[in-house]
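For reference, the structure discussed in these notes is given below.
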Amino acid sequence: NQNNPIRVVMLPWLAYGHITPYLELAKKLTTRNFIIYLCSTPATLTSIEKKITAKLSQSIKLVPLLLPNLPDLPRKFHTTNGLPPHLMPRLKEAFDSSVEDFSYILSDIKPDLLIYDFQAWAPLVAKEQNIPAVQFITNSTTMSCFTFHYYKNPSIEFPFPEIYYRDYESSNMKGLLESANNPKDREIVFRVVERSCNIVLIKGFREIEGKYIDYVSSIVGKKFVPVGPLVQEPNPNENDDEISLDILSWLDKKENKSTVFVSFGSEYFLTKEDMDEIACGLELSQINFIWVLKFPKDNANRDNEILLEKKLPKGFLGRVGNRGKILVGWAPQTKILEHSAIGGFVSHCGWNSVMESMHFGVPIIAVPMQIDQPFIARLVEEVGVGVEVLRDKNRMLHRDSLATVIKQVVFEDCGASVRQRAADMREKLKAKGDEEIDEVVKELVGL
Ligand code: BUP
């Protein structure tokens, strides 16, 4: 009822790739009489602050969570964005030690519900205050399906070979399997999900992940409820910075579907070997490209041109000339993917990026790097909206393989069906209403 909105505290993991789906879910729920308190560190909240318009700020409140002051973890590192990888364990530790502050926040707000990510402590704090808690997993369900299967039945073969990564020896897969055989890890993973009320929310939709959603629900013993693709629509009124404007006007001069967008997400830093092969693959493919490059925040004060000259193959920038744009920092990704000049997305297959690519009908050249990305790359192939660039048996990426897949997906006849599937997916998603959110609201109200 209008006078009694449902009040929800949300606590995502401290990463842009997590806080944006939480924000998008928050936006949808506020249209159904919810008030959301989105709780995160100031460093993480900064990345979404400008998306909270005056109107939204009535129903989405940003609540800063201050991590204990750790001398070697200054505030700017209280988010995974640009976090040098060696500091990740410190960030996790600091987040875990914010339990007391979080408990104050909950007792101050007294919400009807907590929606949490993968902090096992969050639902316990809520339980102490009689607040129900629901987990919202922002990863692809293919990954959850795999991990929960092996955590539960380490000796039984995984029933979906279609998404089982081709390379059993990859460090990613080895790490997952080792962890599955470790009783301590097993317990932790189940503890997080078991503390969720009888449902678990997941980002995605049944048409592409239905069988995985059903399977994971059956092994965990809770209903996994998809919340939809949650793609943030590009906001034409949002002021772009100078670099973004330059990129978009450069794209305006390129022909329809003549250019690929290249990005490996907000968290991953390319190895020197991969950076060389990707650069040379783009050069070989002869295609126009926009490449977003990320370096750890340690490097942020360096002059970008000098940094690029040092990191990219010798003479690369001169040879590609006006055919390529390199952006160090943050790209207006959805505005780029929406642009008619874009004909493909060379992507690490982060779940948000894949949903955005499907939403805008852009076929994917999949170059997965870690964690859930190899599973998502297989799903992208299964759904038919992209092709994976395979590595060799030593896990090395090769420039020729990348160039071959780019050409196939973007303009060769043999890629026509992939392009068609991507275009069909766009139409399918356009026609999709908010049925997932209605279902989610029904479940949440019934808790
Ligand atoms: Br980089 C970058 N601009 O320059 P994923 C990313 N994004 O808008 P990730 C930009 O960040 P995990 C940039 O549109 C997407 O919504 C992009 O999320 C946006 O990958 C998000 O694709 C990136 O899920 O996170 O960041 O590696 O894989 O952990 O989900």
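Every number for a ligand or one of its atoms is a count from 1 in the order of the listing.
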Note the single closest protein heavy atom to atom 30 (O) of ligand 1, along with its residue, its atom name and the distance in Å.
Asn352 ND2, 4.0 Å
Any nitrogen or oxygen of Gln333, side chain or backbone, less than 3.5 Å from one on ligand 1?
yes
Ligand 1 N/O within reach of His18 N/O, cut-off under 3.5 Å:
no
Atom CD1 in Ile437, atom OG1 in Thr31: separation rounded to 0.5 Å?
7.5 Å
Test of understanding: given a 4.0 Å heavy-atom threshold, classify the contact between Trp330 and ligand 1 as side chain, backbone, both, or neither.
both
Hits for ring-ring contact (aromatic ring centres under 6.0 Å, His included) against Tyr150, two or more places apart or cross-chain, chain-then-number order -> Phe146
Flag, side chain of Arg426 to backbone of Phe360, donor-acceptor distance under 3.5 Å
yes
re atom 16 (O) of ligand 1, the protein heavy-atom contact at minimum distance is Glu356 OE2, 2.6 Å
Enumerate the atoms of ligand 1 whose separation from the nearest heavy atom of Gly350 is less than 4.0 angstrom.
5 (P), 20 (O), 22 (O), 24 (O), 28 (O)
Element-labelled atoms of ligand 1 that are located less than 4.0 Å from some non-hydrogen atom of Ser266
1 (Br), 9 (P), 26 (O), 27 (O)
Could you check Arg391 against Asp274 for salt bridge (Lys or Arg N to Asp or Glu O under 4.0 Å), going step by step and ending with a plain yes or no?
CA-CA 11 Å; Arg391 290 173 182 261; Asp274 278 359; 3.1 Å; yes
Taking side-chain hydrogen bond (donor to acceptor under 3.5 Å, both in side chains) as the definition, give me every residue that meets it alongside Glu439, ordered by chain and number, with sequence neighbours left out.
none
Mode of Tyr268 contact toward ligand 1 - side chain, backbone, both, neither (heavy atoms, under 4.0 Å):
neither
